[in-house]
Amino acid sequence: MSTTGASGTPAPGPGTGTPTLLARAVDVSAVYGGGDRDFTAVDRVTLELGEGEILGLAGESGCGKTTLGNSLAMIANPPLYVVEGTLEIDGERIDLTTLRGDADLKRQRPYRGGVVSMLPQGAMNAISPTLRVRNLVHDVMRAHDRSVTRDEALDRARDRLTMLEMPVRVLDSYPHQLSGGMKQRVITVVSTLLNPRLLIADEPTSALDVSSQRMLVEMLLAMVEQRIMSGVVFVTHDLPVLSQVSDKLAIMNAGTIVETGPTEQLVHDPQHPYTRKLLSSVLDPTQETRARGRDRRTRSTPAGGDL
Ligand SMILES: Nc1ncnc2c1ncn2[C@@H]1O[C@H](COP(=O)(O)OP(=O)(O)OP(=O)(O)O)[C@@H](O)[C@H]1O
């Protein structure tokens with residue numbers, strides 16, 4: 001494990017040189033179905049995350065990343081059932097298994113948003129077009145604490161935006177008035193207003209252009225540094241983005257984690273054949289472009305010419 005995160009946030013445990021443990025998911029299994037035709041999408045996954053760390057979860061489409069994220073964030077809804085697994089966070093062990101019914105919802109609600117917050121895939125498109133950001137802020141906070149007033153919610157949002165050097169006027173905007181990148185940053189701020197210990201961000205950058213990706217990544221790093229949240233599970237199949245932002249990587253294939261390790265080590269010295277395959281499938285545009293340029297130059301060399 002790294003001692004200094006990509007986030008620049010050293011959080012060593014006393015005298016160990018390794019970060020203090022923030023969260024540990026143990027033996028998490030999740031199935032779709034609930035009947036005779038159960039499909040195991042997550043199969044006994046165990047993961048660890050230190051204080052101040054960003055853990056990148058990578059793997060091909062359909063390998064189970066979103067399902068694992070939903071399971072950890074306690075937002076598994078039928079036909080998805082978490083059949084096994086616990087999440088240890090802040091010394092507390094939370095049973096992640098989906099018991100069905102209201103009692104279960106009541107048990108999980110205090111953790112959702114407050115302890116673990118999920119920033120779902122496509123969240124920015126899910127904001128109601130008729131809702132100003134200020135109303136969204138109030139709705140989100142009230143969903144967790146019914147006593148929160150509109151003013152309190154707005155004060156918190158204003159402080160947070162200022163802290164992250166974002167314009168406070170976005171609170172008055174409707175979603176369509178914001179660019180894709182700004183919308184994604186706003187939804188990230190809103191989903192962390194309750195200072196979750198752990199944020200699970202599912203493909204937060206995939207719909208963004210390169211400069212918006214950079215801004216979002218920088219904002220996430222700043223949020224960890226300022227301890228708005230203490231750790232992030234960053235889910236994506238975009239390995240280049242992950243290798244820049246993550247302290248550690250976990251590689252997922254067909255519902256299982258095949259390899260985990262510090263980002264540097266895993267990228268430069270992958271041990272598992274699947275990790276090697278995944279890394280080798282990432283295009284390196286610089287090399288490609290160079291190769292194409294070489295080909296073109298060779299083709300355009302005049303016959304018999306000597307360059
Ligand atoms: N509602 C559902 N019912 C049945 N199977 C599902 C359902 N949702 C997902 N699955 C299956 O579960 C497996 C894992 O899906 P999941 O969405 O978690 O993968 P992923 O790695 O997040 O993919 P992507 O990168 O494309 O988002 C896939 O085989 C998928 O087809």
Side-chain angles (χ1 to χ4, degrees), residues 25-47 49 54-85 87 96-100 104-105 108 112 116-126 180 184 187-188 191 198-208 213 216-217 220 232-246 248-260 263 266 270 272-283:
V26 182
D27 279 337
V28 179
S29 294
V31 302
Y32 285 99
D36 290 344
R37 291 173 300 134
D38 280 357
F39 169 69
T40 303
V42 172
D43 194 4
R44 278 164 296 158
V45 164
T46 292
L47 287 173
L49 186 66
I54 297 183
L55 169 72
L57 180 61
E60 283 169 277
S61 184
C63 71
K65 304 182 296 298
T66 296
T67 308
L68 176 59
N70 289 343
S71 306
L72 298 179
M74 287 162 267
I75 52 168
N77 288 312
L80 173 62
Y81 299 96
V82 183
V83 291
E84 194 185 349
L87 177 68
L96 294 175
T97 53
T98 323
L99 313 170
R100 299 151 208 193
D104 191 44
L105 261 182
Q108 291 179 344
R112 295 182 185 176
V116 185
S117 184
M118 178 73 171
L119 181 58
Q121 206 168 1
M124 61 186 193
N125 300 320
Q184 186 65 305
I187 198 81
T188 306
S191 63
L198 180 62
L199 174 71
I200 299 175
D202 191 359
E203 300 279 5
T205 54
S206 6
L208 304 179
Q213 280 186 357
L216 183 81
V217 162
L220 282 174
V232 179
V233 177
F234 193 114
V235 179
T236 181
H237 50 253
D238 191 337
L239 273 168
V241 168
L242 269 195
S243 52
Q244 282 169 22
V245 71
S246 309
K248 293 178 10 183
L249 288 177
I251 307 296
M252 195 167 187
N253 182 29
T256 63
I257 300 292
V258 296
E259 186 168 359
T260 56
T263 303
L266 199 136
H272 195 279
Y274 179 77
T275 311
R276 283 192 216 117
K277 185 175 145 236
L278 195 70
L279 287 168
S280 68
S281 68
V282 176
L283 285 177

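The residues of the chain are indexed from 1 along the displayed sequence. Note that these values count all heavy atoms, side chains included, but never hydrogens, waters or copies made by symmetry. Every number for a ligand or one of its atoms is a count from 1 in the order of the listing.
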Identify the closest protein heavy atom to [atom]: which residue and atom is it, and at what distance?
{"atom": "atom 25 (O) of ligand 1", "result": "K65 NZ, 2.8 Å"}
{"atom": "atom 17 (O) of ligand 1", "result": "T66 CB, 3.8 Å"}
{"atom": "atom 28 (C) of ligand 1", "result": "G62 O, 3.4 Å"}
{"atom": "atom 10 (N) of ligand 1", "result": "Y32 CE1, 3.5 Å"}
{"atom": "atom 18 (O) of ligand 1", "result": "T67 OG1, 2.5 Å"}

Could you tell me whether R44 atom CZ has more than 12 heavy atoms of other residues or ligands within 6.0 Å of it?
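Not more than 12 within 6.0 Å, no.
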
Just to confirm, does any protein heavy atom lie below 4.0 Å from atom 3 (N) of ligand 1?
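Within 4.0 Å of atom 3 (N) of ligand 1, protein heavy atoms are found.
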
Within the structure, does at least one protein heavy atom fall under 4.0 Å of atom 7 (C) of ligand 1?
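Neighbour list for atom 7 (C) of ligand 1 includes protein heavy atoms (cut-off 4.0 Å).
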
Answer yes or no: is there a donor N or O on one side and an acceptor on the other, between the side chain of T205 and the main chain of Q213, under 3.5 Å?
no

Looking only at atom types and distance, does a side-chain atom of K65 sit under 3.5 Å from a main-chain N or O of G59, one as donor and one as acceptor?
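Flag set: sc K65 to bb G59 pair under 3.5 Å.
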
On a heavy-atom basis, which atom in G56 and which in L242 lie closest, and how many Å separate them?
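For G56 and L242, the tightest heavy-atom pair comes out as CA-CD2, 3.6 Å.
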
With E84, which residues qualify under side-chain hydrogen bond (donor to acceptor under 3.5 Å, both in side chains), at least two apart?
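side-chain hydrogen bond (donor to acceptor under 3.5 Å, both in side chains) check on E84 returns nothing, list empty.
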
Region of A41 engaging ligand 1 - heavy atom pairs below 4.0 Å
side chain

Classify the contact between E60 and ligand 1 as side chain, backbone, both or neither, using a heavy-atom distance cut-off of under 4.0 Å.
backbone

Run the side chain to side chain contact (heavy atoms under 4.5 Å, CB included) test against T263 and tell me which residues pass, sequence neighbours left out.
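Listed in chain order: S243, S246, L249, V267.
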
Under 3.5 Å between any N/O of F39 and any N/O of ligand 1: does that happen in this structure?
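In fact, backbone or side chain, F39 has no N or O that close.
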
N or O pair under 3.5 Å between P79 and ligand 1:
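Such a contact does not occur with ligand 1.
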
Quick one: do E203 and T66 satisfy side chain to side chain contact (heavy atoms under 4.5 Å, CB included)? Show the steps, please.
CA-CA 9 Å; E203 300 279 5; T66 296; 5.7 Å; no

Determine, considering heavy atoms only, which of S206, G59, S61 sits nearest to atom 26 (O) of ligand 1.
S61

When rounded to the nearest 0.5 angstrom, what is the spacing between OG in S281 and CZ in R276?
14.0 Å

